[in-house]
Number of protein chains: 2
Amino acid sequence: MPLTRRQHEILEYLKDNTEHFEQAPTLDQLCACLGLRSRGSLHKHIQALIAEGYVEPIKGRHAGVRLTPGLGSADALPYLGKIAAGRQIAAVPQSETMLVPEHLRTQRDCYVLQVSGDSMREAGILDGDYAVIEHRQTASNGEIVVALVRGEETTLKRIRQESDRILLIAENPDMAPLVFSPSEVEIQGVLVGLMRNYG
Amino acid sequence: MPLTRRQHEILEYLKDNTEHFEQAPTLDQLCACLGLRSRGSLHKHIQALIAEGYVEPIKGRHAGVRLTPGLGSADALPYLGKIAAGRQIAAVPQSETMLVPEHLRTQRDCYVLQVSGDSMREAGILDGDYAVIEHRQTASNGEIVVALVRGEETTLKRIRQESDRILLIAENPDMAPLVFSPSEVEIQGVLVGLMRNYG
DNA sequence: GCGGATGTTCTCTATTTGTTCTCCGCAAGA
DNA sequence: TCTTGCGGAGAACAAATAGAGAACATCCGC
C-alpha cells in the first residue's frame, strides 16, 4: 500500500518541520500549516501514515496532541535503587526519578534499577549500570529479567523457562546457571534499556 | 507520560524566567504572570511538572514559595552516525539529534556515536550501543577514546599513552593492542556515557 | 488566638482536540 | 456516460484538558 501523492507531501512536510515544533503539533495546527480547513481531511491522511508506520500517535494521550514522527521526549521514570537481595519491587517510593530517553524504554510501565555485581558482564552489563526495566510478570526465553527468587532475593539474569524448571543464567563464566522450580521464581520485569556513566 | 500543551508552556515560561524572580514565585504570582485567575488550575499543572521531574518543590517550606525548576533536563545532542572507518568527526551535519539525560553526559561539548563491532565487548560496550562522547583532544591513560588513526580510520578503544608510542587497546581477547607513534593518533573525544536499547 | 497569605483539594463548566460521518468536486479510465 | 479513487469541507460527537471558584488546611507574624 504505497502512499498517495498527498500523503507523501504531508510526510515530507513533517520530516522537514518536526524540529520547528516545540511539541507534537495538533491537527488544527497542521491544517493551518498545510493550508487545509478541515481537521477531518487531515485526519484521514494521518491515519494512513500511522497505518504505514511512518509516524506514530502519542502514547496514552487520547486528546491534546497527536502525532510525532521519530523519537520524542524523555520521561522521568521512578528510580528504585540498586537491584539487591531481599527487595520487592512493589510499593514505589516515588521519591527519586531518573530521566530516560524515549528510545531506551517501551510504551508500557517502566522503572530504573542500578545493577549491582558483575554476573552479567559477558552481556555487556556492568556493575553500576542503570537498567531500564519494563514492569511485567512474563518473559520469553532468552530475555534478561528481574527475577525474585524464593521471595527473598532479586537478581538480573537471562531466563530460560522449561516445562518443569526455570534456569536463571548469569552471563559470566565463573557462575553456573541457577535452576529453580517454577514456583520459586517470580518475574518482576524485563530489561529494555541500559545506561552507563563513565567517570 | 508526556507533558500536555499547557504544561509545556508553563515549563518553558519557568525556564525562561527563573532568573527574573528574586525568590521562587508563589502560585498567585505565577497566575498573574500567566494570565490565570485560579490558583487551583495552576496547581494542577505544577503538580504534573513535579510528577514528571521537571521541577521540584522547595524542601522544608510549606508557606511562602513553592517551586524551583531544578534538576537537569535531557539535551538533544548531535548524532553523528556509526563510528566506522574512514570518517572524520568534524563538520557536524547537525541533521539528527538524540536525547541524552544529563547524567550521561558532561557539561562540555558532547555528541553521540553508534558503536560498530565487538572490539570493546569485554568493557561492556556492544555492537549497536550508543556512545556519548565528550569532544576533546586529550585523554588520560585508561580512558576510552574515539581515535582517528593515520587520518583515515576512526575507532573506539582504551588508550595508553607512553613516552614514545600510543597503544590503542581493544577489550576483546581476540584482538591485540595496536601500537602507533604519537603522530599517527589523533584523539577526537572521550567516552562519557553509554546507552543501549534491547528489543 | 487571630488573620492573612499560601498551598491543597474539590466540583463544575468551557475549550480543545481527536474521531467519525456524510457530502461534494475532480480527474482518470473503462 | 458511468464508475472509481483521491482530496477536501464541514457537521456532530466523545474524551481529554484547561480554567474558575469555593472550601479547607497549614504556616507565619502579630
Side-chain angles (χ1 to χ4, degrees), chain A residues 1-14 17-18 20-69 72-73 75-76 94-95 107 109, chain B residues 1-14 17-18 21-70:
Chain A
M1 295 116 294
L3 297 183
T4 67
R5 191 189 91 255
R6 198 68 170 110
Q7 285 161 12
H8 202 75
E9 281 177 27
I10 294 176
L11 179 58
E12 286 305 309
Y13 179 86
L14 288 176
N17 293 281
T18 26
H20 303 156
F21 290 109
E22 284 282 308
Q23 286 216 295
T26 66
L27 288 183
D28 281 344
Q29 282 179 302
L30 280 180
C31 277
C33 296
L34 293 165
L36 290 178
R37 269 185 294 183
S38 162
R39 257 179 310 178
S41 306
L42 178 58
H43 180 257
K44 245 188 307 184
H45 292 132
I46 298 295
Q47 287 304 312
L49 292 180
I50 292 175
E52 298 297 323
Y54 290 103
V55 298
E56 56 179 15
I58 286 205
K59 20 193 166 188
R61 285 292 179 295
H62 169 63
V65 267
R66 197 51 173 70
L67 71 139
T68 149
S73 58
D75 297 329
Q94 194 57 29
S95 53
Q107 299 309 315
D109 188 24
Chain B
M1 299 112 284
L3 297 183
T4 68
R5 283 207 129 47
R6 200 69 173 110
Q7 285 161 14
H8 190 261
E9 279 179 29
I10 293 176
L11 177 59
E12 287 303 309
Y13 179 86
L14 289 176
N17 294 282
T18 23
F21 290 109
E22 289 284 318
Q23 295 195 317
T26 66
L27 287 184
D28 281 344
Q29 280 178 302
L30 279 180
C31 277
C33 297
L34 293 164
L36 289 178
R37 270 184 293 183
S38 162
R39 255 178 313 176
S41 306
L42 178 58
H43 179 258
K44 244 188 307 184
H45 292 135
I46 299 295
Q47 288 304 312
L49 291 180
I50 292 175
E52 296 296 323
Y54 289 102
V55 298
E56 54 183 11
I58 289 195
K59 14 195 163 178
R61 298 284 274 178
H62 165 70
V65 271
R66 197 52 174 76
L67 72 137
T68 153

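In what follows, every chain begins at residue 1, and chains take the letters A, B, ... in the order their sequences are listed. As the structure is a computational prediction, the values presented were derived from the model and not from experiment.
Looking at heavy-atom distances under 4.0 Å, A:L36 makes contact with sugar-phosphate atoms alone, never a base.
Between atom CD1 of residue A:I46 and atom CD of residue A:Q7 there is a gap of 9.5 Å, rounded to the nearest 0.5 Å.
For B:T26, no side-chain nitrogen or oxygen approaches OP1 or OP2 of C:dA5 to under 4.0 Å. In this structure, B:R37 reaches the D:dA20 phosphate: one of its side-chain N or O atoms is under 4.0 Å from OP1 or OP2.
Straight-line distance from the CG atom of A:L30 to the P atom of C:dT16: 17 Å, rounded to whole Å. Across the protein-nucleic acid pair, B:R6 atom CZ and C:dT17 atom C1' stand 16 Å apart, rounded to whole Å. Distance NE2 (B:H43) to P (D:dT17): 18 Å, rounded to an integer number of Å. Rounded to an integer number of Å, the gap from A:L42 CG to D:dC6 P is 17 Å. In this structure, B:R5 places its CZ atom 7 Å from P of C:dG18, rounding to the nearest Å. In this structure, A:D28 atom CG and D:dG10 atom P are separated by 13 Å, rounded to whole Å. The interatomic distance linking A:R39 (CZ) with C:dT20 (C1') rounds to 11 Å, in whole Å. Taking atom NE2 of residue B:H8 and atom C1' of nucleotide D:dA18, one finds them 17 Å apart after rounding to whole Å.
Nearest-nucleotide assignment on DNA chain C puts the 5′-proximal partner with B:G40, out of B:G40 and A:Q29.
Of the candidates D:dG19, C:dG18, D:dG7, D:dG7 carries the atom nearest the A:H45 side chain, counting heavy atoms from C-beta on.
If you check distances only, the side chain of A:S38 does reach the base of D:dG10 with a donor-acceptor pair under 3.5 Å. A donor-acceptor contact under 3.5 angstrom links the side-chain atoms of A:S41 to the base of D:dA9.
Of all non-hydrogen atoms in B:R6 and B:L34, the two that sit nearest each other are NH2-O, 3.7 Å. For the residue pair A:S38 and A:C31, the shortest heavy atom distance occurs at O-SG, 3.5 Å.
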Inset, instruction - Could you check B:L14 against B:L30 for side-chain contact (heavy atoms from CB on, under 4.5 Å), going step by step and ending with a plain yes or no? - result: CA-CA 9 Å; B:L14 289 176; B:L30 279 180; 4.1 Å; yes

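Salt bridge B:R5/B:E9: absent, no basic N to carboxylate O contact under 4.0 Å.
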